[in-house]
Amino acid sequence: MTTDQPCLVIVCGPTAVGKTRAAITLAKELNCEIISADARQFYSELKIGTAPPSSSELKQIRHHLIGHLSVKDPYNIGIYEKDALLILDRLFRSSRFAVVVGGSGLYLHALCHGLDLLPEHDQQVREEINRLFQSSGVTALQEKLKVLDHDYYEKVDLSNPARLIRAIEVSLISGKPYSSFRKQAPQTRPFRIIKTGLDLPREELYRRIDRRVDEMIWNGLLEEARSMLPFRSFNALNTVGYKEFFEYFDGKLSLEEAIILIKQHTRNYAKRQLTWFRRDNEITWFHPEDVSGILKLVTRHS
RNA sequence: GGUAUCGUGGCCGAGUGGCUAGGCAGAGGUCUGCAAAACCUCGUACAGCGGUUCGACUCCGCUCGAUACCU
């Protein structure tokens, strides 16, 4: 199968599986650059706890959308979609290939298939709904949604405040039910997409996670977290490896407990990532060392 | 050796003579602008052996184990 369209190679998988290394090897072979799809590596202050590529790795291959934000910056998936597409457009002018690597499933989805167009986020509306939730709980959200968007009310997970708040927010801002925006029609992109996923036996993955957390501690994660203390209320810091240390600083956890929890929460996260990726049957799975396998797949399809 | 207390699912932990606490871990799942987020589902375990009882995880005895104190 040949085509004159450029080709985007996705490398996804759970945290700590070895995506960064595989992506760099792959990009070298394809002689192309890398875009990150990792919603926490965007933040320049989070250098240790989010395991971004090292400075020597960054020198080997040009990376995009890593450390391009401050934890104080507002950002969301809609902006990410635009940012990434813009960069891709530029990259494809000089290369037939680009690699996107990351573990944020929703972000990869946005990049590959697009999100429905939704009204602009409005901080005031959001805060108003948050206040309602705080004062009157989920039931209040449920009732509000029932009125604003009965269709969505019927199928949404009613015990998940995050979903309810989002739906109410969109409905309120636009004056139309949230579900009326949800076309869920995949966009066509001006490039071909090859999705690959990396995985390891669960035990081995969990061992790698434990080991990597220990390395982060050696490398000064505790101090990095301490320096983020003034920003703990920002969403970017609602992140494994930081929130546990915040509790340690608060005296709610011992250092040992915090470290154990960071490991546990990272494992929980990896499992959720796998749940997300598993249902995407466009993904071809590889061992993290098997970059040549990925290359074969790419040459066969491009 | 003696005395006392205790022994609940991988871990923590409540409890009652009959009505399967709960939390964590683990597994599976949901997912459209906070996503390393948020949320859902899943475990009949009471140390062992006897006895009392219509019925014991809960009462009694013994055995084993743990802990504390005494000698």
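Each chain gets a letter, A, B and so on, in the order its sequence line appears, and its residues count up from 1.
Comparing the same atom, C1', in B:U8 and in B:U16 gives a spacing of 13 Å after rounding to whole Å. Rounded to whole Å, the C1' atom of B:G26 lies 30 Å from the corresponding atom of B:U67. Across the C1' atoms, B:A68 and B:G29 are found 48 Å apart, a figure rounded to whole Å. B:G22 and B:C42: their P atoms are spaced 10 Å apart (whole Å). The same atom, C1', is picked in B:G33 and in B:C46; the two are 50 Å apart, to the nearest Å. Taking the P atoms as reference points, B:A47 lies 38 Å from B:A37, given to the whole Å. Here the separation of B:C12 from B:U30, taken at their P atoms, is 33 Å to the nearest Å. For the P atoms, the distance linking B:G55 with B:C19 amounts to 15 Å, nearest Å.
A salt bridge links A:R166 and A:E169; the closest N-O separation between the charged side-chain nitrogens and carboxylate oxygens is under 4.0 Å. Under a 4.0 Å N-O distance rule, the pair A:E257/A:K252 does not qualify as a salt bridge. A salt bridge does not link A:D122 to A:R126: none of the charged nitrogens lies less than 4.0 Å from a carboxylate oxygen. A salt bridge is absent between A:K176 and A:D149; no separation between the charged side-chain nitrogens and carboxylate oxygens falls under 4.0 Å. Ion pairing between a basic and an acidic side chain is recognised when a charged N comes within 4.0 Å of a carboxylate O; A:K146 and A:E143 show no such pairing. Looking at A:K296 and A:D290, no side-chain N of the basic residue comes within less than 4.0 Å of a carboxylate O on the acidic one, giving no salt bridge.
The side chain of A:R272 places no N or O atom within less than 4.0 Å of a non-bridging phosphate oxygen (OP1 or OP2) of B:G29. Between A:R278 and B:G29 there is a side-chain N or O to OP1 or OP2 distance below 4.0 Å. Between A:R126 and B:C34, a side-chain N or O to OP1/OP2 separation shorter than 4.0 Å is present. Between A:Y75 and B:A35 there is no side-chain N or O to OP1 or OP2 distance below 4.0 Å. Between B:A36 and A:S104, a contact under 4.0 Å exists linking OP1 or OP2 to a side-chain N or O. Between A:R202 and B:A27 there is a side-chain N or O to OP1 or OP2 distance below 4.0 Å.
Side chain of A:K72 to backbone of A:L69: no donor-acceptor contact under 3.5 angstrom is found. Remark: side-chain polar atoms of A:E33 are not paired, donor with acceptor, to backbone N or O of A:R62 under 3.5 angstrom.
Within 4.0 Å of A:Y80, counting heavy atoms only, lies no atom of the nucleic acid at all. Residue A:S159 is in sugar-phosphate contact alone, with no base atom involved, counting any heavy-atom pair closer than 4.0 Å across all strands shown. A:Y43 comes within 4.0 angstrom of nothing in the nucleic acid, heavy atoms only.
Applying the Watson-Crick and G-U wobble criteria (two distances, each under 3.5 Å), B:G7 pairs with B:C64. Here B:G1 sits opposite B:C70 as a Watson-Crick or G-U wobble pair (both hydrogen-bonding atom distances under 3.5 Å). Nucleotide B:C39 is matched to B:G29 when pairs are restricted to Watson-Crick or G-U wobble geometry with both distances under 3.5 angstrom. Both distances falling under 3.5 Å, in either a Watson-Crick or a G-U wobble arrangement, occur for no nucleotide opposite B:U58. As the counterpart of B:U16, no nucleotide is assigned, since no Watson-Crick or G-U wobble pattern has both distances under 3.5 Å.
Residue A:N160 places its side chain closer to B:C39 than to any other of B:C39, B:A35, B:A27. Residue A:T50 places its side chain closer to B:A36 than to any other of B:A36, B:G28, B:U30. The side chain of A:N76 approaches B:C34 more closely than any other nucleotide in the set B:A36, B:A27, B:C34. With B:A37, B:C40, B:G26 as the choices, the nucleotide that has an atom nearest any side-chain atom of A:D157 turns out to be B:C40. For A:V240, the side-chain atoms get nearest to B:A36 when compared with the rest of B:A36, B:C34, B:A38.
Side chain A:K271 to base B:G28: a donor-acceptor pair is found below 3.5 Å.
Remark: P of B:C11 and NZ of A:K263 are 20 Å apart, rounded to the nearest angstrom. In this structure, the CG atom of A:N238 is 9 Å from the P atom of B:A35, given to the nearest Å. With rounding to whole Å, A:K19 atom NZ is found 11 Å from B:A36 atom C1'. Rounded to an integer number of Å, the gap from A:Y269 OH to B:C39 P is 17 Å. Distance CE (A:M216) to C1' (B:A36): 10 Å, rounded to an integer number of Å. Between A:R163 atom CZ and B:C34 atom C1' there is a gap of 12 Å when expressed in whole angstrom units. Rounded to whole angstrom, the span from the CG atom of A:L118 across to the P atom of B:G33 amounts to 6 Å. Atom CG of A:L237 and atom P of B:A36 are 14 Å apart (whole Å).
In this structure, A:T266 and A:G114 both approach RNA chain B, and ranking their closest nucleotides by distance from the 5' end singles out A:G114. The 5' end of RNA chain B is approached more closely, in terms of each residue's nearest nucleotide, by A:Y206 than by the other of A:P52 and A:Y206.
Ring orientation note: the planes of A:W285 and A:F277 are nearly perpendicular, at an angle over 60° on the 30°/60° scale. Taking the six-membered ring where tryptophan is involved, the planes of A:Y75 and A:F42 are perpendicular, since the angle between them exceeds 60° and thus also 30°.
Taking the syn range as angles within 90° of 0, the glycosidic angle of B:G29 is outside it, so the base is anti.
Counting heavy atoms from C-beta on, the side chains of A:L46 and A:V71 come closer than 4.5 Å.
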Pairs: protein N or O with nucleotides 23-25 of chain B N or O, under 3.5 Å:
from	atom 1	to	atom 2	distance (Å)
B:A25	OP1	A:N268	OD1	3.3

